[in-house]
Amino acid sequence: MSHPQKEEIYMELHRLTRQMEDIGYMPDTEAAPRHVNKKRMVSHHSEKLAIVFGLISTASGTPLQIINNLRVCGDCHTATKFISK
């Protein structure tokens with residue numbers, strides 16, 4: 001990713017992932033290919049990056065609407081439920 005806030009986005013994504021794992025989130029790596037780091041692959045999907053960017057770019061409590069014209073993977077769906085809590 002070549003975004004000016006790349007470092008901040010990934011740092012917040014890792015912080016948020018640890019926070020979700022503390023309350024029971026487990027990455028769903030079933031659909032990831034066998035020859036890659038599955039946990040890393042699903043943790044950097046564009047849906048999660050978009051949510052994190054929205055969270056760091058808006059005031060606390062601001063509703064976010066992420067629109068995706070493709071199907072969302074099971075892991076992103078589960079992560080979004082945890083993030084919305």
Side-chain angles (χ1 to χ4, degrees):
M1 173 185 3
S2 61
H3 190 278
Q5 292 177 280
K6 175 184 174 178
E7 296 291 324
E8 186 180 0
I9 292 168
Y10 280 107
M11 284 176 51
E12 180 63 15
L13 177 60
H14 293 298
R15 187 197 67 75
L16 189 58
T17 301
R18 284 191 306 274
Q19 191 176 13
M20 290 188 308
E21 288 173 342
D22 288 346
I23 60 171
Y25 166 73
M26 294 284 294
D28 179 4
T29 60
E30 277 300 309
R34 286 188 287 157
H35 65 284
V36 297
N37 180 334
K38 292 180 176 199
K39 187 174 179 182
R40 181 184 165 127
M41 183 176 188
V42 298
S43 71
H44 293 99
H45 281 178
S46 61
E47 294 87 344
K48 291 179 191 166
L49 295 172
I51 291 169
V52 168
F53 178 70
L55 291 172
I56 66 173
S57 300
T58 60
S60 180
T62 303
L64 296 179
Q65 182 176 8
I66 307 298
I67 299 172
N68 183 355
N69 63 346
L70 302 171
R71 291 185 63 156
V72 174
C73 77
D75 181 63
C76 287
H77 179 76
T78 302
T80 301
K81 289 192 298 185
F82 272 89
I83 293 168
S84 67
K85 290 184 178 182

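Worth knowing before you read on, the calculation uses all heavy atoms, side chains too, and leaves out hydrogens, waters and symmetry mates. Count residues from 1 along the sequence.
From Met11, atom CE reaches atom CD of Glu7 across 8.0 Å, with rounding to the nearest 0.5 Å. Glu21 contributes atom CD, which lies 10.0 Å from atom CZ of Phe82 (distance to the nearest 0.5 angstrom). Taken to the nearest 0.5 Å, the OG1 atom of Thr80 stands 11.5 Å off from the NE2 atom of His45.
Environment of NE2 in His77: sparse, with no more than 12 heavy atoms of neighbouring residues, nucleotides or ligands closer than 6.0 Å.
The two residues Asp75 and Met26 come nearest to each other via the heavy atoms OD1-O, 4.3 Å. For Ala79 against Met20, the heavy-atom pair with the smallest separation is O-SD, 3.7 Å.
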Report task. Test Leu55 against Thr62 for side-chain contact (heavy atoms from CB on, under 4.5 Å), laying out the working first. Result -> CA-CA 8 Å; Leu55 291 172; Thr62 303; over 6 Å; no
Requested in this report: Check the pair Arg15, Glu12 against salt bridge (charged side-chain N to carboxylate O under 4.0 Å, His left out), reporting the backbone distance first and the verdict last.
Outcome: CA-CA 5 Å; Arg15 187 197 67 75; Glu12 180 63 15; 2.5 Å; yes
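Put simply, the side chain of Thr58 gets close to the backbone of Gly54: a donor and an acceptor are under 3.5 Å apart. Under a 3.5 Å cut-off, the side chain of Ser84 and the backbone N or O of Lys81 do form a donor-acceptor pair.
Proximity of Tyr10 to Leu49: side-chain heavy atoms (C-beta onward) are separated by under 4.5 Å at one or more points. Within the 4.5 Å cutoff, the side chain of Lys48 has no heavy atoms near those of the Leu16 side chain. Side-chain contact check for Phe53 versus Leu64: every heavy-atom pair is 4.5 Å or farther apart. You'll find the side chain of Cys73 stays beyond 4.5 Å of the side chain of Glu47, heavy atoms only. Counting heavy atoms from C-beta outward, Ile51 and Leu13 have side chains that stay 4.5 Å or more apart.
Linking Ile, Leu, Val, Met, Phe, Trp and Tyr whenever their side-chain heavy atoms come within less than 4.5 Å puts Val52 and Ile66 in one cluster.
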